[in-house]
Amino acid sequence: MINNLIIVESPAKAKTIEKFLGKDYHVSSSMGHIRDLEKKDFGIDIKDNFKPRYIVPEDKKKIVSELKKLVGESKTVWLASDEDREGEAIAWHLSEVLKLDSSRTRRIVFHEITKEAILDAIKNYRTIDHNLVDAQQARRILDRIVGFEISPILWRKIKPSLSAGRVQSVAVRLIVEREREINDFVSTSSFKITGRFIVKDKNGKISELEAELSKKFATKKEALDFLNKCAKAKFTIKDISTKPSKKSPSPPFTTSTLQQEASRKLGYSVSQTMMIAQKLYESGKITYMRTDSVNLSQLALNSASKIITSEFGKDYLNIKAYKTKTKGAQEAHEAIRPTYLDKDTIQGNNSEKKLYELIWKRTIASQMSDAQLEKTSITIDISGSEERFIASGEVLKFDGFLKVYFESTDDEQEDEKQGLLPPLNIGELLQYKTIDAVERFTHYPPRYTEASLVRKLEELGIGRPSTYAPTISTIQNRGYVLKTDKAGKARDYTVLNLTNEKVTESKKSELYGSEKSKLFPDNIGMIVNDFLVEYFTEILDYNFTANVEKEFDEIASGNRNWTEMISGFYKKFHPTVESTLKKSEPNKGERILGKDPATGKPVIVKMGRYGAVAQIGENATDEKSEKPRFASLRKGQNLESITLEEALELFKLPRSLGMFEEAEMVVGIGKFGPYVRHKSAFYSLKKGVDDPYLIESDRAIELIREKREIEKNKVIKEYKEEPGLKVLNGRWGPYISFNKENYKIPKNVDPAALKLEDCMNIIKNSSDKKKPKKK
DNA sequence: CAGTGAGCGAGCTTCCGCTTGACTT
């Protein structure tokens, strides 16, 4: 018999809690939700006042039956799911599915996993808050209605298997609109003036002072005029001012800020970060990684206080509580922090270590003092001109938290600041060494990275810590959005230089606009987005989630009935679904780019059955008329921005490279990039080395021979008796291939020594475990 | 799984938010 059964959401949490409590308690976990709306037939009886049809999904049946068994053996059941809307619903579903008797069921909540917090929670038990549960049901049902009524419209009007939803569709919209901002952006240039002045100190020691003109000039002529004016001008120190300033540490990590910093500092994708954090959490090294709270437990604060004092001294200590600014934050957990702050490093693989150290530094820094700075600004007058040069410098007086942590920014081109400025006096005359006027261009707004998209979504209150990573994956899996790099372009700019009273002009070249791992909308994403924005304007509104959240809050506080709220929404929403099905036609994005110079026929781009396509010539009207030529657009090329030249390029491939071994070699670009085809085999071109438009036959033959060499070494063993069986060398080392299925070879086995029956044994042993493959 | 671009039709796809497996060809 178990006296007390505590049910929490996560098994790692269960393990930790069990350690705190005595033998009287058994702690088990539900692994999140145990029930959900049925997937087939919508799962909601609209006519029966939106009655939800809940089922236990296949993968949760085992957990439920285990919990049922435990409940049968227990005196008191404590439902300890998280203290938020979803957690309350989990507690309620548990009580329903496990048929818990209210007389021996208690609901408890705690925000920190400490013995005190748990014992305190147990003392202050309550019953399930049904208003909060209803708010969750409203949220769940609204999302189901939106997702399952709009998605089928997309299947019929645009393409099968597409999807729409309250969160993902807005995420795509952000990316599409940013792309259009970039396409519409017109870069302008102006001239930035920088002067270098010679400064002599009392001992005759010479140093330099760099100063910037407060004004930029729009044209080269204005810049030139100014430099000419400077040639013989006098430069006088007009003013020197010194101001103290400070920098404060950032709050401890939440899911979203961890994803952003891990992306900026360590280059991890959002899902990589979450997978590594999960490992750290499961091995007890950090607190829970899906959280929107910046709060640290008293225990953590005490520990931070001790460490900072002993490592850095009392001056560095500044214990404080941070408040969340995030819209709709539910704060059921602590911030993400090391479980044991006295460990500044851990055992584990490299990426785990790096992420842990990042978390450790951020947590410690959050409880350290502000950095104290001194900013100096020197104003320099120019005789015969209204303009002024300003030299500014920044000196760190006290490093404070910067001793351990410096937060990065997304800003790619940050100005470097000068440090200490040379000692100068007001009225002092300065001699210039050089004065430059450099042409600078305005830059379009940056494309989103995975992490900066998460930050934007969080800012809008859309999505939750547990869904950021999956949402980012979904919009990529649907083909709406593409994560890729973009090569920079070269651009000339003008530099005017004044030295020794003479101005010279020169041209320089720079690379601009190169981007790494940025999110680009694909054509289908743009078409779906435009369709949704046109017909489902309200759902696609950036404030839609914030608006419905207000209504969920009213339900949670007991001031509103959930079915009334949903019914109100449905009355407006469903007629839109009906009318959209009837009248709407998606825009195929068709554009006429111009005429093909070779044939004079029109060049068109549009969305075809297999994706975006360019076409030369009109569609055939009858059997005799000539058929148009087609070429697929490449990844990252948009229907609305592709130029005639780029479209014509597409028709240059595939092209023949001549004969080799009595067969033609053809170069083209396929799904996996550029390739050479020869005798119906494909040979990939080397990324960054070969260009499909330029490659010649010699190099193609080289590639073919290279791959053949690898193929030759691929086969370790073959068996006469079993032609379908081979031992092969693969990307991950040796493996067994049998009738197109692959099998792992156990570690301690020498692959070259495998006999036929050994292979068969390995195959037999692993075949039981084989699960249906996912796409 | 790299080429295609006719047309028909059955059966399928899809949401968000909790959680962790099982799995790398």
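Protein chains get the first letters and strands the later ones, always in sequence-line order, with residue 1 at the start of each.
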(message) Once you measure the plane-to-plane angle for A/Phe536 and A/Phe573, does it fall in the parallel (<30°), tilted (30-60°) or perpendicular (>60°) bin?
(response) tilted
(message) Under 4.0 Å, heavy atoms only, any strand: does A/Ser632 hit a base, just the sugar-phosphate, or nothing?
(response) base
(request) Starting from P on B/dT4, measure out to CD on A/Gln615 and report it in whole angstrom. (result) 14 Å
(message) Does B/dT20 have OP1 or OP2 under 4.0 Å away from a side-chain N or O of A/Arg290?
(response) yes
(request) State whether the distance check finds a donor on one side and an acceptor on the other, under 3.5 Å, for side chain A/Arg464 versus base B/dC16. (result) no
(request) Taking Watson-Crick and G-U wobble pairs with both distances under 3.5 Å, convert DNA chain B into its dot-bracket string, 5' to 3', dots for unpaired and | for cross-strand pairs. (result) .........................
(message) Classify A/Thr467 by what it touches in the nucleic acid, base, sugar-phosphate, or nothing, heavy-atom distance under 4.0 Å.
(response) base
(request) Return the value, rounded to whole Å, for the distance between atom CE of A/Met31 and atom P of B/dT20. (result) 7 Å
(request) Check whether any side-chain heavy atom of A/Arg53 lies under 4.5 Å from a side-chain heavy atom of A/Asp41, and answer yes or no. (result) yes
Set out, line by line, the N/O atom pairs under 3.5 Å between protein and nucleotides 7-11 of chain B.
none

(request) Rounded off to whole Å, could you give me the CE-to-P distance for the A/Met274 and B/dT20 pair? (result) 10 Å
(message) If I take atom CD from residue A/Gln476 and atom OG from residue A/Ser271, how far apart are they, to the nearest 0.5 angstrom?
(response) 8.5 Å
(message) In whole Å, I'd like the distance from the CD atom of A/Glu664 to the C1' atom of B/dG3.
(response) 13 Å
(message) So, OP1 or OP2 of B/dC18: does either fall under 4.0 Å of a side-chain N or O from A/Ser81?
(response) no
(request) Flag the pair A/Tyr675 / A/Tyr683 as yes when their ring centroid distance falls below 6.0 Å, and as no otherwise. (result) no
(message) As an exercise, state the distance from CD1 of A/Ile566 to CZ of A/Arg144, rounded to the nearest 0.5 Å.
(response) 13.0 Å
(request) Calculate the interatomic distance between A/Asp59 atom CG and B/dT19 atom C1'; express it in whole Å. (result) 10 Å
(request) Return the nearest nucleotide to the side chain of A/Val613; candidates are B/dT20, B/dG5, B/dC18. (result) B/dG5
(message) Without decimals, in angstroms, what is the distance between A/Arg85 CZ and B/dG17 P?
(response) 8 Å
(message) Measuring only between side-chain heavy atoms, which start at C-beta, is A/Ile46 closer than 4.5 Å to A/Tyr570?
(response) yes
(request) Could you check how far CG of A/Leu650 sits from P of B/dG5, rounded to whole Å? (result) 18 Å
(message) Quick check against the 3.5 Å criterion: does A/Asp522 have a side-chain atom that pairs as donor or acceptor with the backbone of A/Ile524?
(response) no
(message) Just verifying a value: how many Å separate A/Leu639 CG and A/Lys588 NZ, rounded to the nearest 0.5 Å?
(response) 11.5 Å
(request) Give A/Gly463 one of three labels, base, sugar-phosphate or nothing, depending on what nucleic acid heavy atoms sit under 4.0 Å from its own. (result) sugar-phosphate
(request) Please assess A/Ser163 against A/Arg478 for the test side chain to side chain donor-acceptor pair (under 3.5 Å), listing each intermediate value before the final yes or no. (result) CA-CA 8 Å; A/Ser163 64; A/Arg478 299 274 176 276; 2.7 Å; yes
(message) A/Ser81 and side-chain hydrogen bond (donor to acceptor under 3.5 Å, both in side chains): which single residue from A/Arg107, A/His33, A/His93 fits?
(response) A/Arg107
(request) Using the closest heavy atom to pick a nucleotide of DNA chain B for each, name whichever of A/Ile34 or A/Gly611 lands nearer the 5' end. (result) A/Gly611
(request) Return no unless some side-chain N or O of A/Tyr288 is found under 4.0 Å from OP1 or OP2 of B/dT19. (result) yes
(request) Measure the spacing between CG of A/Asp84 and CD1 of A/Ile90 and express it to the nearest 0.5 Å. (result) 8.0 Å
(request) With rounding to the nearest 0.5 Å, note down the distance linking CG in A/Leu457 to CD1 in A/Ile472. (result) 6.5 Å
(request) Could you tell me whether A/Pro470 contacts a base, only the sugar-phosphate backbone, or nothing, with contacts defined as non-hydrogen atoms closer than 4.0 Å? (result) nothing
Atom pairs under 3.5 Å, N or O on each side, protein against nucleotides 12-15 of chain B: can you list them with distances?
unit_1 : atom_1 : unit_2   : atom_2 : d
B/dT13 : O2     : A/Ser161 : N      : 2.4
B/dT13 : O2     : A/Ser161 : OG     : 3.3
B/dC15 : OP1    : A/Ser163 : OG     : 3.2
B/dC15 : OP1    : A/Gln168 : NE2    : 2.6
B/dC15 : OP1    : A/Arg478 : NH2    : 3.2
B/dC15 : O2     : A/Arg140 : NH1    : 3.1
B/dC15 : O2     : A/Arg144 : NE     : 3.3
B/dC15 : N3     : A/Arg140 : NH2    : 3.0
B/dC15 : N3     : A/Arg144 : NE     : 3.2
B/dC15 : N3     : A/Arg144 : NH2    : 3.2
B/dC15 : N4     : A/Arg144 : NH2    : 3.3

(message) Stacking between A/Tyr675 and B/dA2, defined as ring centres under 5.5 angstrom apart with planes under 30°, is that present or not?
(response) no
(message) Please report the distance, rounded to the nearest Å, between CD in A/Glu282 and P in B/dG21.
(response) 6 Å
(message) Does any part of the side chain of A/Tyr54, heavy atoms only, come nearer than 4.5 Å to the side chain of A/Val97, both counted from C-beta?
(response) no
